[in-house]
Amino acid sequence: MAAPSVPTHMKAWVYHDFGNTADVLKLDSNFPVPQINQHQVLVKVVAASLNPIDYKRIHGMLKPSNYSPPSVPGYDVAGVVVKVGSEVKKFKVGDEVYGDINHKALDKPKNVGTLAEYTATEEKVLALKPNNLSFLEAASLPLAMETAYEGLERVGFSAGKSILVLGGAGGVGAYVIQLAKHVFGASRVVATASTSKQEFLSCLGADQPIDYTKENFEDLPEKFDVVYDAVGQPDKAVKAIKEGGNIVSIAAPVAEFPDAFFLLTSDAAMLEKLKPYLENGKVKPIIDPKSPFPFSDTLDAFAYLETSRATGKVMVYPIP
């Protein structure tokens, strides 16, 4: 396939200083297209999803190592390969791919993220898009699904174990429920969310939804082999663990479990391992009903994500 013509400049959402998203994130119609090295591919972005780490970085709450603005936010991408480096073995021009472009979330993340017409990343973080998924669906998956999977693996979750998921309707929590139930073979999945999201939790595979506005999960007589904290309630979470059980957290450190808190290491091997479950429908993309937001309305997408009321992933699509 002949390599398509790639411009030198592109449209991208860029921030030059830390601050409130609405104040500092601006649409730049003449931002340089990133150059690739021999191990990278250049992707024409079709769809991107937003994650809390995006706005936390914009706000200056998380300041990664070896990094400073100007920066284009965005970790998750689905798109088409338009250029490959000389050492790239896995992909060719024209391949439809998806992934989380930053191997380490806060260690030298890329200055040109996925809220742009083009993004560059290493082949090891990208996988071929499953044929049964649209670009929009594929872009919703990588960071959240990989985070859910890595967390379950970190605590040695396996068939026959029980799990409590705090924040089961959020971007990561929705995949923890699905993976625990349909991939790892959990004996019992209990999950928390607000009143309006109880039925949604059941649809994902939760055996028992808990309305956190009416019930304190830490007071339940039932205790769990694993608690997956996606909301940041470590003091309560530890009260719900069985003796000998474990906790994993993506929201806050846990004093009694120093290894509980982690940040994702993005790796296409996880996407490839989960591909059969995506193809047979056991694991489904979860996209918030208000999505997708057009590229021009990216600020509205962030404003909505920052309410913490989304159900599933907040998406930007199509990218011009």
Side-chain angles (χ1 to χ4, degrees), residues 41 43-54 73-82 91 94-102 113-119 121 125-150 168-183 197 199-201 203-205 230 264 266-295 297-298 300-302 304-305 310-320:
V41 299
V43 177
K44 172 68 183 76
V45 181
V46 177
S49 73
L50 306 186
N51 294 283
I53 195 170
D54 291 314
Y75 282 62
D76 286 328
V77 68
V80 179
V81 174
V82 293
F91 301 114
D95 282 345
E96 297 180 350
V97 297
Y98 75 125
D100 167 359
I101 67 167
N102 289 308
T114 60
L115 289 171
E117 292 181 86
Y118 296 89
T119 194
T121 193
V125 299
L126 296 176
L128 290 172
K129 180 179 73 64
N131 291 331
N132 63 314
L133 298 184
S134 67
F135 284 105
L136 179 67
E137 291 169 326
S140 73
L141 293 165
L143 187 148
M145 186 174 71
E146 289 181 59
T147 299
Y149 186 86
E150 184 178 340
V172 173
Y175 292 110
V176 177
I177 294 172
Q178 294 187 80
L179 296 179
K181 192 75 173 178
H182 303 304
V183 177
K197 296 173 182 175
E199 188 177 338
F200 175 64
L201 294 181
C203 291
L204 291 173
L264 172 67
S266 171
D267 187 339
M270 281 187 272
L271 299 177
E272 287 153 1
K273 197 178 289 187
L274 293 170
K275 187 176 182 181
Y277 299 94
L278 294 166
E279 289 179 331
N280 66 19
K282 291 281 180 66
V283 177
K284 295 180 171 63
I286 306 296
I287 295 172
D288 184 88
K290 287 190 167 63
S291 285
F293 289 80
F295 186 67
D297 292 346
T298 294
D300 293 337
F302 269 112
Y304 178 55
L305 178 67
T311 302
K313 294 308 298 290
V314 176
M315 308 297 301
V316 175
Y317 168 88
I319 310 286

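Since this is a predicted model, take the numbers as computed values, not measurements. Counting begins at 1 with the first residue of the sequence.
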Would you mind reporting whether Ser291 and Lys313 have side-chain heavy atoms less than 4.5 Å apart?
no
Smallest heavy-atom separation, Pro142 atom then Tyr98 atom, equals CG-CD1, 3.8 Å
To the closest 0.5 Å, what do you measure between CZ (Phe293) and CG (Asp288)?
7.0 Å
Quickly, which of Leu50, Asp54, Asp76 forms a side chain to side chain contact (heavy atoms under 4.5 Å, CB included) with Leu143? Name it, please.
Asp76
Validation row: Ser266, Asn102 side chains within 4.5 angstrom (heavy atoms):
no
Keeping the roles fixed (side chain from Gln178, backbone from Lys284), state whether a donor-acceptor pair exists under 3.5 Å.
yes
For Thr298 and Val316, the nearest pair of non-hydrogen atoms, with its separation, is OG1-CG1, 3.8 Å
Under 4.5 Å between any side-chain heavy atoms of Asp100 and Val125, yes or no?
no
How about Asn131: does its CG atom have over 12 heavy atoms from other parts shown lying under 6.0 Å from it?
no
Do Phe302 and Leu115 touch side chain to side chain, with heavy atoms closer than 4.5 Å?
yes
Shortest non-hydrogen separation from Val80 to Glu96 and the atoms involved:
CG2-CG, 4.3 Å
Side chain to side chain contact (heavy atoms under 4.5 Å, CB included) with Thr119: which of Val41, Ile319, Val77?
Val77
Nearest atoms (heavy-atom pairs only) where Met315 meets Leu136
CE-O, 3.3 Å
Side chains of Leu274 and Leu141: closer than 4.5 Å at any heavy-atom pair?
no
Could you state the interatomic distance from CZ (Phe135) to NZ (Lys129), rounded to the nearest 0.5 Å?
5.0 Å
For Asp267 and Ala269, indicate whether the former's side chain and the latter's backbone hold a donor-acceptor pair under 3.5 Å.
yes
Less than 4.5 Å apart, side chain to side chain, heavy atoms only: is that true for Tyr317 and Val46?
yes
Does Ala139 offer a backbone N or O that forms a donor-acceptor pair with the side chain of Ser49 under 3.5 Å?
yes
Side chains of Leu264 and Met270, heavy atoms from C-beta outward: is any pair under 4.5 Å?
yes
More than 12 heavy atoms of other groups within 6.0 Å of Lys282 NZ
no
I need the minimum non-hydrogen distance between Leu278 and Pro130, along with the two atoms involved.
CD1-CG, 4.2 Å
Heavy-atom check, side chain of Leu179 versus side chain of Tyr277, under 4.5 Å
no
From Leu126 atom CG to Ile101 atom CD1, the distance as rounded to the nearest 0.5 Å:
9.0 Å
Verify the neighbour count for atom NZ of Lys290: are there more than 12 heavy atoms of other residues, nucleotides or ligands below 6.0 Å?
no
Heavy-atom closest contact (Leu204 atom, His182 atom, distance)
O-NE2, 3.7 Å
